[in-house]
Visitor: 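My questions all concern the structure below.
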Amino acid sequence: MFTPHTDAERKEMLTALGLNSIEELFSDVPQQFRFPALDLPKGMNEMFVREYVEGFSQANISTKEFICFLGAGAYDHYIPSAVDSILRRGEFFTAYTPYQPEISQGTLQTIFEFQTLICNLTSLEASNASHYDGATAAAEACITAYSHFHGKRKKILLSSAINPQYREVVHTYLSGIQDIAIETILDDQNSLPDPFAIEGSIDENTALVMVQYPDFFGRIYDFSNLIEKSHQKGALVCLIVNPIALGLLKTPGEMGADIAVGEGQPLGIPLSFGGPYLGFIAARKELVRKLSGRLVGETVDKDGKRGYVLTLTAREQHIRREKATSNICSNQGLMALAATVYMSLLGKTGMRQVSNLCYQNAHYAAQKIAQLDGFKVLTPEPFFHEIVIQCPTSVEHINHHLLEEGILGGYALESVYPDLKNCMLLAFTEKTNKEVIDVLCDILKESDHD
Amino acid sequence: MFTPHTDAERKEMLTALGLNSIEELFSDVPQQFRFPALDLPKGMNEMFVREYVEGFSQANISTKEFICFLGAGAYDHYIPSAVDSILRRGEFFTAYTPYQPEISQGTLQTIFEFQTLICNLTSLEASNASHYDGATAAAEACITAYSHFHGKRKKILLSSAINPQYREVVHTYLSGIQDIAIETILDDQNSLPDPFAIEGSIDENTALVMVQYPDFFGRIYDFSNLIEKSHQKGALVCLIVNPIALGLLKTPGEMGADIAVGEGQPLGIPLSFGGPYLGFIAARKELVRKLSGRLVGETVDKDGKRGYVLTLTAREQHIRREKATSNICSNQGLMALAATVYMSLLGKTGMRQVSNLCYQNAHYAAQKIAQLDGFKVLTPEPFFHEIVIQCPTSVEHINHHLLEEGILGGYALESVYPDLKNCMLLAFTEKTNKEVIDVLCDILKESDHD
Amino acid sequence: MTEPTIYELSSPDRTGFLFQEPNVPASPLPKDLLRDDLPFPEMSEIDVIRHFTRLSQLNYCIDVGFYPLGSCTMKYNPRINEEMARLPGFAMSHPLQPIETVQGNLALMYQLQEWLKEVSGFVGITLQPAAGAHGEFVGGLIMRAYHRSRNDLKRTKVLVPDSAHGTNPATSSMSGFDVINVPSDERGNIDLEKLKEICDDCVAGLMLTNPNTLGLFEEHLKEVIDIIHQKGGLVYGDGANFNALLGIIKPGEIGFDIMHFNLHKTFSTPHGGGGPGSGPVAVAAPLIDFLPSPVVGIVEAGDEETPPLYGFINPTQSIGRMKAFYGHFGVLVRAFTYIAMQGADGLRNIAENAVLNANYLKHLLGDTYSIPFNRNCMHEFVAEGFWDDAPGVHALDVAKRMMDYGVHPPTNYFPLIVKEALMIEPTETESKQELEKFADIMKKIAQEAHSDPELLHNAPHNTPLGRLDEVKAAKELVLCCWIPPEE
Amino acid sequence: MTEPTIYELSSPDRTGFLFQEPNVPASPLPKDLLRDDLPFPEMSEIDVIRHFTRLSQLNYCIDVGFYPLGSCTMKYNPRINEEMARLPGFAMSHPLQPIETVQGNLALMYQLQEWLKEVSGFVGITLQPAAGAHGEFVGGLIMRAYHRSRNDLKRTKVLVPDSAHGTNPATSSMSGFDVINVPSDERGNIDLEKLKEICDDCVAGLMLTNPNTLGLFEEHLKEVIDIIHQKGGLVYGDGANFNALLGIIKPGEIGFDIMHFNLHKTFSTPHGGGGPGSGPVAVAAPLIDFLPSPVVGIVEAGDEETPPLYGFINPTQSIGRMKAFYGHFGVLVRAFTYIAMQGADGLRNIAENAVLNANYLKHLLGDTYSIPFNRNCMHEFVAEGFWDDAPGVHALDVAKRMMDYGVHPPTNYFPLIVKEALMIEPTETESKQELEKFADIMKKIAQEAHSDPELLHNAPHNTPLGRLDEVKAAKELVLCCWIPPEE
Ligand SMILES: Cc1ncc(COP(=O)(O)O)c(C=O)c1O
Ligand SMILES: Cc1ncc(COP(=O)(O)O)c(C=O)c1O
């Protein structure tokens, strides 16, 4: 299927090559391994495969029919239909990396605009063209910091209020670097880990201090002091940010951070069971040569017309090979396009609006839940759009209840923070409005009674 | 919504016009009628409107989840996904009639290719750019014939085996022409009307003889003799055809017909509760100046490059006004594109295959149903992909049963052919394969017993 | 590079879609009823996608830029409309399903009927017509049926202003009437005196476009209507220009008897390269029973607990069926979505901004182009595409030159009553900046018309093709790219 | 015309998406934690659609024509894939939903794991890697973890052939290894003698691309693998070129220990202008426990009546998590759809035709371009883009000139071991006619290189922009179109 050749054409081609059969082309393949049988189901045409694949999709419950209070790194935002209509354009989705700028200005200018939006969102000066996801972007930021100090500073400090999956990925990514030390101070005094607990560990050996904002529990802090202290010790600071929060909140740049990374999924990218998403990395301009991934820069063509090219490619694997800043090649081009279209559509007004809706809905919910018998809101003010609530029974029990009423309940924290028994992390967006929150609270109230 | 103006801009524009308010622009509107209140619900944003409109769609049962044996003028064929991916291109769907050929070659060449495919499908020489639907195309063919004879022949003969809706539309369309007579000979001897019953009425006053092929009951006949007889009397003959059937079957041109019209919906156009569909009209070249609607012709540009333009526009309303062949202006451009993509994809092989699948499935079903106690297949051989079956109980009763099992049963004929009590018209396509037909038969068998 | 045709791209035995083999026992085909060869092209899926993608790139469209085609209301087509029309519940429902299984479709149609009646001030409506012209035809036949029902058989004439769109006279004659032209006066209105003169009791009705095709609101609207009514005629409103009137006036209230909508203009459904349109027709009370059958209605009233049952109703004196099934349902879904988003305020906002845009653009061009009937316009205006001091330059040249600047030309040579007409309708979805850019282009072209007329005569220069030879097309009449040679 | 940026198109207070007002009682915002101005553009929906539509038209793409970018397998991306990935059941499921609510997703992933293992001959697999390079990184870390688990700490080196893709050495060093280059012999194979020399018990493994980047099947594949294995090393297969091997050989059977797939190459998922990719990694039995966590498995066996319960499993000695969640699920759905359509026969058919196409094109060009290592190639081949008798013409000039003829240039200047490399991969979805057209273009350019070299030096001529100044870009380093000026 999808091969246009007719038998006659194949024959003509073979004849031109002086061959009798296609098999002869594979004589270099060791005979005993050649042409193995493949135990796969028989191929289907499009009509049947559609039915077959739809069968899988229908075996899921989705946020189309269920209300979703799950967050913890992926958020159920509304995606304007204009976004996908651009993504469906063959000129975008069937092109590859813009190696040939003369016939790739569409992709190049889009990336350039993406970089600009990310810089303006974070108040930093240089953004790359995208990274795999928020977690890997965070890991790359650690490598950036490590190599910024030429490997001479060997400590990476991670706040324990960083998404645990992100911390895991940082550990995995850095596991090839022998002498690096990753520290996460777990402060078990408090029910929710203290993001400032790492402060005491910042020293002259620290390459990077990394915190999350809003943190994994939804809390927001002004990290300006922490950043200043880090800088006093010569360390760099990276904030892991939620881009929707930055519609309203003080930015990494405003706080003095050196690097900001994050997950761009909330910017018009479907949940899609976890991917493909969109990592972004922005930094102060001094760090640009240490950044991973592609960068697009403005220039002119031979007639002086404005245009864009991939630039500083000497950092990258295809030029620099084993000395590259990262091995990344394909990144998340189409997802960066989605985010660029989304941010362009919303613009200044819309970004503030969606940010405010998330904030307001979360605060309303927190107030209502706090009044429910047996429930406690652990996330203190100020917070953005996620809260931790402690439930009177197990999260599993409650979620089961919610599911029966068409609601996907929160994320059970106990699996990753064993101290947080019966705690769930709830996320709110512009889709979880008053009516929906009221329903949630009604069910929570009932679920206590059985 | 969708108006870009900001208040500041509006003000600037008004100032430029020397006005204080937009209201002043409407001073020509009689005051007592000006600015009426509109009693409409408050506007919603995209997120809410999606939910709202989806609510309506979910209140339907559709052929996505139900098996469909309904035909009778609209058929449930599989639509390759490539078709819609082309239709979604803004360059096609947000353009209008190609009045400016220099920047409309995409639309023009597509129509030109559509015309070619329709001509080759029907074996006729001239096709228009599309008409509203099969029924209106049939009506326009009557007008073409009437005006071909300069109104001197006043009789239009319609076979009673033509889709009753089509006959109704012909009557309505021609109701403005005072002296025309439309005859449908109903031959009540036979259970299914005889398409040749009109034969005796063909005379020197007959402008057009119109038959359907396959007819409304699925039957297929060689109309060559009828056509010859009509020609002997100087009358024109028009066949209403199903384009899928012509993948296999003898063509209007091969039988000697002068005009062929039909419903193009089976060619890659969604059922969509009856529209938008696609009428097509093809004719012998001599009739081209009497055809309704747009025509695209090949030409060259000023440098001799091949190109396409709207041609013979002097037949049309915008030039010819009250003397035009028809008043049609907008036709079914996007639907013609869909059909062109569909026919291009399937090509010679695929068109034959889909035609054969319909035929084979229908014949298998006819054989099985004929064996069921109490059921009778009224459609005799040869037939294409629809059959009339007589049921032991009311069609409503049986369809109710089928519906409970996830099947949309056939069309109840009694409402339009009162003699055909307990008769339903069943349609078969490439989607109604053996398994599905077996299920149908099982349920039919059971439905008899209660 | 010219794009090859599908036949030129064809190669024997190729196919772009693979069907399964039948899984039923084979039945013999009817030997005498089989066609000879099927002369169809043979392409793979990639060939087809590439061909039509490349073809698409030869088109100009709203999604690429300004498209001020007068009388066509080329406004932005919201993307959400496209999503809604494609929902499987809509797109995959068969028109002959039992009504119980399509209550969603019927409820939507019913609601749309109510909304359209509300915005237009009429009491009856049909969604059946496939386009504006089809709606006009319905209107013409309703006029006819109405008079006949009253045994008033002498009414053989329909009055049509000289500024009318070609479909108006064409419709009138298709409906069996003689067409009588009504001239315009020097302010672009119907010439009242002439109208009184012409109008007698043989007049079945008047087809009136308001705002008219000059973009002007008829200043004696009420008088015009009264004159016709006094003679027993009906007034048909061509609603192609209804975009200017949303929330501004309800035509049914001021006395129109019939009006068609163009959903593909006023209500943002895409034009599709020339359709599908949708042309619902609304009528005043005395005409309700003549509407084409069927219309959507409530067939079983609902109550607190159960919603009503929607179904089809055949008007008692119906002119009959105008097309198969019930109208361009997919287009209705789009228009419905649009109206639901706008609400009352949004609709009026549309009209206001459409009219503001037209007046602003007219203002910007007023010094450079001569604008006959120069008073406040509604949603569009007509300029003249020639200058006495630039002999030999025609509206066509101006239009063709615009393409070089990346904008679509206005409608030209229509309405017929303006010499070298350039009919400009910006619509409300264009921004002030876009209008100013366009005005600058038009002014530049006016300069070029004087300084370098050849530039215009040979235009366009930057398009995929240059001017095409229409005479050759009509003379040689090649209507197909490939027809099998006769043996 | 150059396209303005979103900031140039912006106008104060405009927006392209209208949100509702919150319907909850207002909570005060945290005053000290609010940002200053948000310097974002302000555009309406129509502006945004037009901007990106116009931008798109500046791109070349598979949907428009031939795209023989070597090593990238730019095959046709079937439209059905796009539909399937967008099904709400998939696209709207949250990664942290209870597994009971996402059995469809998990079953699909499980099935895809099984299929990929079957076609490659491995026994373990992870779908987590986001792209090929990410998969390589997983492989590097697995090598590392494997040797460490055996307390074999001396293995600090990874061997990488000089023809390798840049990601191979970059990955090796990211994984903490020293990179040792292995030279090629005169037939384009690994230099066996050199390999034996270099390979010792400090070698953690070899990263081998087969067919290699010259498009050649390693003629001593088994020997190469054995040499590494004898020294206790592991053999990593870069599966970027797996398209040539579907149904031809199972790498796991001949002795590869690890291999990554590029679903966006071999399995037809779109390249998206540079991602998203997907790079599942398959391993041999001894390495299964080192796979990144989690992998999809059956957590409760099914029986006749109930299907198994799918869930996540953490391998016991896992290298850890490589990204958030489970991989590029949307890409997996596309690849799954593609494999389901192909079946065993279809997959082998792909490899056969990909290889046939490459050889046929090589044959057509053989007289005009010099082709080093000229033996039967697999899915691609490398030609030299220069001629001794056309001094001053470089591969880059040839590449740029191709654009004027409407085709995408091959990969150039890679692999590094070929002078002025033009690396050409036609893929199986191109027709014979397309290959011939392309060969004619390349021959024409070869002629021009001799007769009119300036034509090449100044190429491209027919593209939206001419050659761009890369030096200026790197020197001035303008990475944003607009940053708010400091106050
Ligand atoms: C004034 C006027 N009336 C009628 C029509 C006909 O509408 P349609 O093309 O939908 O048939 C048009 C279309 O351009 C028009 O502008
Ligand atoms: C041989 C080879 N290996 C690895 C890669 C990297 O794959 P990805 O871009 O998916 O990271 C590529 C990509 O072009 C390649 O060609």
Side-chain angles (χ1 to χ4, degrees), chain B residues 3-4 13 28 38 40 43 56-57 59-64 86 89-91 93-97 102-103 105-107 116 120 132 135 168 172 176 270 272-276 297-299 301-302 307 311 317-318 321-322 324 327 329-331 333-334 345 347-349 353 360 363-364 382 434, chain C residues 15-16 19 22-24 27 30 39-40 42 52 55-56 58-63 84 87-89 91-92 94-95 101 104 108 130-131 133 166 169-171 173 175-176 179 217 270-277 320-321 324-325 328-330 343-344 346 353 360 431 463 465-466 473 478 480:
Chain B
T3 47
M13 292 164 82
D28 289 343
L38 301 184
L40 294 178
F56 286 87
S57 87
N60 294 326
I61 279 173
S62 85
T63 62
K64 188 185 168 76
I86 294 296
R89 289 189 59 81
E91 291 91 333
F93 84 87
T94 77
Y96 201 14
T97 307
E102 296 86 352
I103 50 175
Q105 286 296 308
T107 298
T116 307
N120 284 334
Y132 302 136
E168 281 182 62
T172 314
S272 202
F273 201 50
E298 184 182 305
T299 185
D301 81 348
K302 69 180 188 332
T311 194
Q317 46 74 23
H318 66 284
R321 300 178 73 86
E322 61 267 29
N327 73 337
C329 179
S330 290
N331 50 25
L334 203 66
L345 275 173
K348 186 190 292 208
T349 310
Q353 281 182 318
Q360 295 296 341
H363 283 72
Y364 172 71
K434 182 168 181 304
Chain C
T15 181
F19 284 97
N23 68 349
V24 295
S27 300
F40 259 34
E42 304 184 76
F52 289 100
L55 277 185
S56 78
L58 303 177
N59 270 3
Y60 189 87
C61 66
I62 299 175
D63 278 10
M84 294 302 94
L87 291 172
M92 299 179 80
H94 191 286
T101 68
L108 183 145
T171 298
S173 88
S175 310
V179 175
F217 196 95
H271 285 71
R321 179 179 274 288
F325 310 121
H328 283 169
F329 180 73
N353 286 291
Y360 185 64
S431 65
T463 48
L465 291 183
V478 179
C480 294

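It should be emphasised that the depicted structure is a prediction, and the values quoted were computed from it without experimental measurement. Proteins come first, then strands; the chains are lettered A, B, ... in the order of their sequence lines, and each starts at number 1.
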Visitor: Between B/L40, B/D28, B/N60, B/T3, who has the most heavy-atom pairs with chain C when the cutoff is under 4.5 Å?
Guide: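 That would be B/N60.
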Visitor: Hey, is the main chain of C/C480 close enough, under 3.5 Å, to the side chain of B/E298 for a donor-acceptor pair?
Guide: no
Visitor: For C/G89, is there any backbone N or O sitting under 3.5 Å from a side-chain donor or acceptor partner on B/S57?
Guide: no
Visitor: Quick check on the interface: out of C/S175, C/P276, C/G277, who has the most heavy-atom pairs with chain B under 4.5 Å?
Guide: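 Among the listed options, the one with the most contacts to chain B is C/P276.
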Visitor: Please identify, among B/T107, B/N331, B/I103, the residue contributing the most non-hydrogen atom pairs under 4.5 Å to chain C.
Guide: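 That would be B/I103.
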Visitor: If we define contacts as heavy-atom pairs under 4.5 Å, which of C/N353, C/D63, C/N59, C/L55 has the most with chain B?
Guide: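 With the most close heavy-atom pairs to chain B, the winner is C/N59.
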Visitor: Specify which of C/L108, C/V179, C/T171, C/V478 makes the most heavy-atom pairs with chain B at under 4.5 Å.
Guide: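 Top option by heavy-atom pairs under 4.5 Å: C/V478.
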Visitor: Checking C/T15 against chain B: side chain, backbone, both or neither under 4.5 Å from a heavy atom?
Guide: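 Both backbone and side chain of C/T15 come within 4.5 Å of chain B.
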Visitor: Against chain C, label B/T311 side chain, backbone, both or neither, depending on which of its atoms sit under 4.5 Å from a heavy atom there.
Guide: side chain
Visitor: Could you tell me which of C/G176, C/G275, C/G274 has the largest number of non-hydrogen atom pairs under 4.5 Å with chain B?
Guide: C/G274
Visitor: Considering only heavy atoms, which portion of C/L87 lies under 4.5 Å from any heavy atom of chain B: side chain, backbone, both, or neither?
Guide: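 Side chain only.
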Visitor: Can you name the nearest heavy-atom pair linking B/A95 to C/C61, along with the distance?
Guide: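 Minimum heavy-atom contact is N-CB, 4.0 Å.
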Visitor: Could you tell me whether the side chain of B/D301 and the main chain of C/G466 form a donor-acceptor pair under 3.5 Å?
Guide: yes
Visitor: Who wins among B/T349, B/N120, B/L334, B/I86 for the most heavy-atom pairs under 4.5 Å with chain C?
Guide: B/N120
Visitor: With a 4.5 Å cut-off on heavy-atom pairs, point out which of C/G346, C/P270, C/A91 contacts chain B the most.
Guide: C/A91
Visitor: Could you state the interatomic distance from OG1 (B/T63) to CE (C/M92), rounded to the nearest 0.5 Å?
Guide: 4.0 Å
Visitor: Look at B/G274, B/P270, B/A135, B/P382 and state which one has the largest set of heavy-atom pairs under 4.5 Å with chain C.
Guide: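 Heavy-atom pair counts peak at B/G274.
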Visitor: How close do B/K434 and C/V24 get, heavy atom to heavy atom, and via which atoms?
Guide: CB-CG1, 3.7 Å
Visitor: Taking all non-hydrogen atoms of both residues into account, name the closest pair between B/Y132 and C/H328 and its distance.
Guide: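 Between these two residues, the closest heavy atoms are O-NE2, 4.3 Å.
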Visitor: As an exercise: rank B/C329, B/G43, B/G297, B/G307 by heavy-atom pairs under 4.5 Å with chain C and give me the winner.
Guide: B/G43
Visitor: Which one, B/S330, B/P276, B/G90, leads in non-hydrogen pairs under 4.5 Å with chain C?
Guide: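 The candidate making the most pairs under 4.5 Å is B/P276.
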Visitor: Let's test your reading of the structure: which of C/A324, C/G16, C/S56, C/G343 forms the most heavy-atom pairs below 4.5 Å with chain B?
Guide: C/S56
Visitor: For the residue pair C/S173 and B/E322, what are the closest heavy atoms and their distance?
Guide: OG-O, 2.8 Å
Visitor: If every non-hydrogen atom of C/F40 is compared with every non-hydrogen atom of B/K348, which pair is closest and at what distance?
Guide: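 Shortest heavy-atom contact: CB-N, 3.6 Å.
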